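Below: the structure, in structure tokens.
Since we're looking at a predicted model, the values are computed, not measured. Each chain gets a letter, A, B and so on, in the order the sequences are listed, and its residues count up from 1. Note: hydrogens, waters and symmetry copies are ignored here, and every other heavy atom, side chains too, is used.
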Amino acid sequence: VQEAVARAARQAKSEDLPTVDLEHLEKVLPQL
Amino acid sequence: ERLKAAVHYTVGCLCQEVAEEKGIEFSKQTIAAVSEITFSQCEIFAKDLEMFARHAKRSTINTEDVKLLARRSRSLLNYITQKSEELAS
Amino acid sequence: EHWALTSEEFEVWDRLYRIQDSDGIKNVKLPQVRFESIRDMEEIKESCNENIHELSLTEWRIWQNRPFPTHMVDHSDRCNNFISIMEKIELMRHEEGACTYDSELMTYLHKDDII
């Protein structure tokens with residue numbers, strides 16, 4: 001969980017967005 | 001459902017921690033998706049652990065089974081090994 | 001009768017299937033990703049030679065919310081797991097604000113279940 005949450009948050013940050021959405025999670029999910 | 005609810009609640013708390021740490025918010029849907037992944041992945045973990053123990057002709061799952069579970073990533077294996085040594089000591 | 005290809009079979013393989021340099025096909029590799037939540041000691045080796053194509057794990061994600069047909073070998077548990085979560089994400093994508101998963105599941109929450 002920690003890894004999923006940390007990666008999704010980083011993805012959102014990299015797109016300068018304030019909220020982590022499903023798109024960010026979707027992008028990191030395959031790595032997980 | 002109770003177990004799932006407890007997992008979902010805990011995932012929410014972990015998201016809150018990271019949210020505060022990184023100054024970011026998590027949508028409810030994202031938290032729901034993470035807890036759904038967690039729950040279904042835990043089902044796979046449970047099956048694997050049971051298989052590993054049974055393969056060693058044991059009826060009790062032990063830390064060696066968990067290390068085997070983490071074998072595909074050296075970092076994760078190191079982390080799990082360190083944690084199990086801490087627990088053992 | 002013998003495990004190796006016969007010279008005829010080798011010739012067919014060499015002509016039809018063997019990848020030649022002229023095919024311009026690069027080596028492929030999966031992206032190496034660091035752990036975010038664990039102090040990651042693993043050094044990620046940056047391979048800088050040109051002829052490696054790094055695969056994208058997200059390129060086809062819009063297709064990955066349903067199982068594609070298989071032949072003789074079914075999808076693995078992990079694969080089915082991934083597909084089902086991508087499907088759930090697809091269903092939730094159109095929810096605004098309130099989350100039905102959350103509201104439904106929280107009715108089962110027992111505070112004393114939480115450590």
Part of B/Ile44 lying under 4.5 Å from any heavy atom of chain C
side chain
Under 3.5 Å, sequence neighbours excluded: what are the donor-acceptor pairs made by side chains of residues 64-77 of chain C?
unit_1: C/His75; atom_1: NE2; unit_2: C/Phe68; atom_2: O; d: 2.8
unit_1: C/Ser76; atom_1: OG; unit_2: C/Arg78; atom_2: N; d: 3.4
unit_1: C/Ser76; atom_1: OG; unit_2: C/Cys79; atom_2: N; d: 3.0

Part of B/Glu43 within contact of chain C (heavy atom distance under 4.5 Å):
neither
Measuring heavy-atom distances to chain B, does C/Asn81 have an atom under 4.5 Å in its side chain, in its backbone, in both, or in neither?
side chain
Name the region of B/Ser27, side chain, backbone, both or neither, that has any atom closer than 4.5 Å to a heavy atom of chain C.
neither
Counting only heavy atoms from other residues, nucleotides and ligands, does the tally under 6.0 Å from CD of C/Glu90 exceed 12?
yes
Check: C/Glu87/C/Ser84 side-chain N/O donor and acceptor closer than 3.5 Å:
no
Closest heavy-atom pair, B/Arg71 versus B/Leu68, reported as atoms and distance to 0.1 Å, is NH1-O, 2.7 Å
Could you grab the distance from atom CG of B/Asn78 to atom NZ of B/Lys67, nearest 0.5 Å is fine?
11.0 Å
So which part of B/Ser35 gets closer than 4.5 Å to some heavy atom of chain C, the side chain, the backbone, both or neither?
both
Turns out that what part of C/Ile114 lies under 4.5 Å from chain B's heavy atoms comes down to side chain
